[in-house]
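The next block holds one structure in the form of structure tokens; read it before the comments.
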Amino acid sequence: MIKIVDCGSQLTQNIARRIRELGVYTEIIPFNTSIERIKEQDLEGIVISGGQFSVYDKGSPTYSKEVLNLGVPILGICYGQQSIAHLLGGKVSPAQSREYGETKVKRTDESQLFHKVSSDFKVWMSHGDVVEQLPEGFETIAVSENNHVAAMQMKERNIYSVQFHPEVDHTENGRVILDNFLGICNAQRTWDPTKEYDKIVGGLREKLKGKVAIGGISGGVDSSTVSVLVNQVIGKNYYPIFVDNGLLRLNEAVRVEESLKGFNLGIKYIDASRRFLEKLQGVEDPDEKRKIIGHEFIAVFEEEARKIQGAIYLIQGTLYPDVIESVPVYGSSSKIKRHHNVGGLPEKMGLEVVEPFRSLFKDEVRKIAEQKLGMPNHIVWRHPFPGPGLAVRIIGDVNEEKLRIVREADDIFISELMKRGLYYEISQAFAGLLGGRAVGVMGDAGTYEGIVGLRAVVTNDFMTADWYRFKDTDIGPIVNRIINEVRGVNRVLYDKSQKPPSTIEWE
Ligand code: XMP
């Protein structure tokens, strides 16, 4: 396996996903992991990630120099390049001209890392420091337009580094470069998530045999796939619970029931909407709303779970990114998401948590869902929906009337995207309700009504996202339909903010 030493970059997960896509198993470890732990397992190579720090910053993520002496090939990326230079006696300094975004680089010397890579190519950079002086024994293998060291190598020790980010799509030849590195490592190309499936099923069979398990199901791909899987292993001894918190989209419970009908999951539906809405009355602060919803969810889930005799396991669809995000590396993306799940419940009820997908990325779970479990497109490729539901799509306090507006507008938006064949091109789309009201005219009368916002983004990892470019002939009729058909709305806006700096949800 390849280990990725995480120095806190938001792109570390992208490196892992790319390497796995190339058929090699990889794990992310914090920069301060001990050398003994790093050496464990079949270590074939090490990647050192980027990070937002300068090597001279107090508290910059400094891994042990020993990491570079383990005898396996090394690839440093961005901060990874600077830290290698720094640790091995080179010089890093602030650049006169910093490089952010698209930059051109030119190869200057032969390198296995650039096998089959053109002599100059576009890359994506994001750095303020540069390697001013190479460590002894290193040579420059590419330079940027500003004549900065864009890549360097020390062939004898198989240490390579790049200043740019080969793990992002905007870098030409990015995949080829990572592929070349895996070739240098002689890494075994045996990783295939669908093969992992057999291991997961085997493990579950052994663990869950004759036992009773419960789980939450929301209709999203993670909880649906894990439920179908566990149901295939222990059948009726698995009890999936669906909690309607009153913050769901139009007819959500019915749709989830319909779409999973063929799998005979025996889902228990609990309508707890009144409880949630009462608790949320008058609450405007987004964090407060999330907290209330989280607590209430646990309370409802616990009440229901207690009714299930003999349950000892709680099944969760936790994915690898959730596991990595809980590892404290400063500056990592851990603070971006404030998800709630059934945390706190297991200890209280003495349940053991089982997370069959904790080593998988979402695209790997999707592969299993499609290829191994035969799950339909509309579940596998369903846009994500946040746990706190429409409460984070209504700015300010939540009430039935606002929920009605959002539900109707969202339903028009999503059904139009389906009808126009755009739904699967977009990673996540929704309608929300802005605070305040706007003036309009309808017929002869003036109106003073709600403002609906539409959001549609394209993203691979939901860490960064771009807004979807609609054709006027698509967005125009959608806006008209919402204004004409949803009572209480006289204005619709389309959100063209990128993430970062904006988030996907509004709250
Ligand atoms: P943001 O808004 O952070 O969203 O750019 C990134 C992804 O996470 C989802 N999201 C949540 N999911 N509970 C969830 O289960 C939450 O509190 C939450 N907040 C955001 C969001 O829908 C998007 O897919």
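For ligands, and for the atoms within them, numbers begin at 1 and follow the listed sequence.
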Do [Y] and [X] meet the salt-bridge criterion of a basic N to acidic O distance under 4.0 Å?
| X | Y | answer |
| --- | --- | --- |
| Glu408 | Arg404 | yes |
| Lys207 | Glu352 | yes |
| Asp411 | Arg249 | no |
| Glu21 | Lys367 | no |

By number and element, which atoms of ligand 1 are closer than 4.0 Å to a non-hydrogen atom of [X]?
| X | value |
| --- | --- |
| Pro388 | 13 (N), 16 (C), 17 (O) |
| Thr503 | 1 (P), 2 (O), 5 (O) |
| Arg290 | 16 (C), 17 (O), 18 (C), 19 (N) |
| Lys499 | 1 (P), 3 (O), 5 (O), 6 (C) |

Are any of the N/O atoms on [X], whether in the backbone or the side chain, positioned under 3.5 angstrom from an N/O atom of ligand 1?
| X | answer |
| --- | --- |
| Phe385 | no |
| Arg393 | no |
| Gly387 | yes |

Val398 side chain reached by Phe276 side chain, heavy atoms, under 4.5 Å: no
Under 4.0 Å between heavy atoms, the region of Pro384 that gets near ligand 1 turns out to be side chain
For the residue pair Phe242 and Tyr269, categorise the inter-ring angle as parallel (less than 30°), tilted (30 to 60°) or perpendicular (more than 60°). tilted
